[in-house]
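First the structure, in the form of structure tokens, and then the observations on it.
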Amino acid sequence: MPETLSSPGEPDSRIVLEIDALYRGSPYWELDTADARTFVSAGPPGGEAGQAHWVGEVLARSRVVDVNERAVHLVGALDGREEMIGRPIAEFWPPDSHDDLAELIAAVATDPSPHATRTRDITSLLLQDPVLTVWRSPESGADTVFATVRGALIDRRSYWTLRASEDRYRKLIHHMPNPLLRVDARVMGRVFARLKAEGVCDIGAYLDDHPELIAFAEQSVRITEINRAAALLFGARNAADLIGPVECLFKASPETARRVMIAHFDGRRSHAEVMKLRTLDGRLLDVQIAVTFPTPPEQLDVTVIGLDDLTDRLRTEAQLRQLQADFTRAARISTLGELATSIAHEVNQPLAAIFTNAETSLRWLSRDEPNLAKVVQLTTRIVASARHANEIVHRIRAMTAKHAPERLPVDLNEVVDEALLFLRHDIESRSIRLSTRLGLGLPRVIGDRVQLQQVIVNLLVNSVQAVAQAGTRDGRVELSTGLGPGGEVVFVIRDNGPGIPEDDLDRIFEGFFTTKDEGMGLGLAICQSIMAAHRGGIAASNRPEGGAAFRFWLPAEPDPA
Ligand code: ADP
């Protein structure tokens, strides 16, 4: 609990002040304003610079006559009360509220009433909701005014200690290489407290009904300070260009403002996302915004916003993705080239069937009594074969087509069947025994069908080549699919080729690693990158009975329930 300072109830007599001093309640000052009064009556200030000069003069001409212990502790000189007597209040009063103090002194000093009193809410690093009161008492004469500040103590350190630590922190922030903005969002803290008191729980729904609150927040939450890196990022000529409503931050991403508000309302300590940022000189950047909210109660304006320019990184990533896609496609086409004989054979089969069935049906038709039932049967077969040929061509085209990777539910067993299409003939012509054991009722995986086909084709080609290289009469390749221990879908291919030398096991997934004369060394590297893009993995091992085994796994499609 913050310590609550008491205050003079009716602040118009010395006795009250002395009692106050006795109890060391609110800080109070007795000031001699004779000099200030003559200056103030000389006329009001004009312009911003004029105002600053005027404030400086009023406070330089108001001298400390007396202070209580509390005032000495909070903002006093190092040597204590004695050192403060006779000195201008400007030397001790916290700069955040110089304007307020000067204006109230001027108002009281020029008010003819012997009971003149002025009160105002001010900001302070030390006190919560501080209220400044300046007044005159009839006993003390026209040239003496009193000032006191009421409020709960936030920090027991003195103002100047706090100020020094603030300065250190400011310097640190200013020279940080990351763009940082300091934002005063206390208004929204208060608005949110009120909404909560009124029973609002779902701020998202509330903002849908009251979009004007977002506009209000963008206007009333203010950037109070920015560092050099932030000025540079925004293309600002100087920091002042950005000081003001936080609106300028969310011009290109209004939805982000809404999400930041929701995070603030929900009491989260921070919020981060990637958003578009329109700079002052008109560039459109991709930035990561990270907002850190103050811990409630929010007395200090310490909401900090960090920005990280991702534009170059995202552009490079996109280029890299494009390059990878082009490369994967090139590798696919090159593999298909290697498999041309096998594919041609696959297409020739239905074509040959069409040819034979068409010839036979012609013969049936050219009889004296055409057997139409037979012709219908044969034509049905022709249609089926034509459809099959069409499907094959379609799949080959899919393998060579350029398309952005998809993320769709895929049945891995179907992909295995489709991949076999490209190699069946190769496998048969080399008299390799192929066995497949496909798990029943497997969950689907989310991914790109063609890329997954490519992985299986690559692994199959390697196994077929390894078995052929071993030159045994009993070449075997086994494929299986199933469920892994963590619910992932697993594909395994085993062969009885020469296996992989132990030293190479770590290197076979590297790009351009090959032990083949005609090899490119890209197949497994591409398999690995496709698996990574699918949040899966791939591994190789040698089988105890000889030969290699490759296993890849993919997360199962999440259960919609
Ligand atoms: P490439 O086939 O062009 O050499 P890969 O990346 O597909 O490129 O394979 C890299 C290397 O991994 C091969 O050269 C081979 O040495 C080894 N390898 C891959 N699959 C097998 C396998 N089934 N049996 C033995 N070695 C294999």
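A quick note: this is a predicted structure, and the numbers were derived from the prediction, not measured. Order of appearance sets the numbers: ligands from 1, and atoms from 1 within every ligand. These numbers come from the heavy atoms of this one structure, side chains and all, not from hydrogens, waters or symmetry mates.
For Q465, no nitrogen or oxygen atom sits less than 3.5 Å from a nitrogen or oxygen atom of ligand 1, counting backbone and side chain alike. Between L524 and ligand 1, at least one N/O pair is under 3.5 Å apart. Between A548 and ligand 1, no pair of N/O atoms sits closer than 3.5 Å. Ligand 1 has no N or O atom lying under 3.5 Å from any N or O atom of I500, backbone or side chain.
For atom 3 (O) of ligand 1, the candidate residues are G547, A540, G521; the nearest heavy-atom contact is made by G521.
The part of L522 lying near ligand 1 is the backbone, judged by heavy-atom distances below 4.0 Å. Contacts of F509 with ligand 1, taken as heavy-atom pairs under 4.0 Å, are absent altogether.
A salt bridge is defined here as a Lys NZ or Arg NE, NH1 or NH2 lying under 4.0 Å from an Asp or Glu carboxylate O, and R283 with D281 meets this definition. Look at R259 and D266 and you find no salt bridge, because none of the NZ, NE, NH1 or NH2 atoms lies under 4.0 Å from a carboxylate O. The pair E317-R313 meets the salt-bridge criterion, with a side-chain N (NZ, NE, NH1 or NH2) lying under 4.0 Å from an Asp/Glu carboxylate O. Using a 4.0 Å cut-off between a side-chain N of Lys or Arg and a carboxylate O of Asp or Glu, D312 and R315 qualify as a salt bridge. Salt-bridge annotation for R449 and E418: present, with a side-chain N of the basic residue lying under 4.0 Å from a carboxylate O of the acidic one. Ionic pairing of R407 and D448 is not present here: no N-O contact between side-chain nitrogen and carboxylate oxygen is shorter than 4.0 angstrom. Salt-bridge check for R543 with E545: passed, with a basic side-chain N closer than 4.0 Å to an acidic carboxylate O.
Counting protein heavy atoms only, atom 7 (O) of ligand 1 is closest to N462 ND2, 2.9 Å. Looking only at protein heavy atoms, the nearest one to atom 2 (O) of ligand 1 is K516 NZ, 2.7 Å. Here the heavy atom of the protein found nearest to atom 23 (N) of ligand 1 is D495 OD2, 2.9 Å. Residue, atom and distance of the protein heavy atom nearest to atom 11 (C) of ligand 1 are F513 O, 3.9 Å. At the shortest separation from atom 15 (C) of ligand 1 among protein heavy atoms lies T515 OG1, 3.4 Å. In terms of protein heavy-atom proximity, atom 12 (O) of ligand 1 is closest to I508 CG2, 3.3 Å. The nearest heavy-atom contact from the protein to atom 4 (O) of ligand 1 is T514 OG1, 2.6 Å. Looking only at heavy atoms of the protein, atom 24 (N) of ligand 1 is closest to A466 CB, 3.5 Å.
Here the shortest heavy-atom pairing between E557 and I446 reads CG-CD1, 3.6 Å. The minimum heavy-atom distance between I456 and F491, with the atom names listed, is CG2-CZ, 3.9 Å.
Within the 4.0 angstrom cut-off, atom 20 (N) of ligand 1 has one or more protein heavy-atom neighbours.
Using a 4.0 angstrom heavy-atom cutoff, G499 counts as in contact with ligand 1.
Per-residue contacts place M520 under 4.0 angstrom from the following atoms of ligand 1 (heavy atoms of the residue considered): 3 (O). Close approach of ligand 1 to G523 (heavy-atom distance below 4.0 Å) involves ligand atoms 5 (P), 6 (O), 7 (O), 8 (O). Counting the atoms of ligand 1 from 1 in the order shown, those under 4.0 Å from a heavy atom of G519 are 3 (O).
Ring planes of F265 and F192: perpendicular class, angle over 60° (limits at 30 and 60°).
No more than 12 heavy-atom neighbours from other residues, nucleotides or ligands sit within 6.0 angstrom of CZ on R551.
Relative to the ring axis of F250, K276 does not place its NZ or CZ within 45° and under 6.0 Å from the centre.
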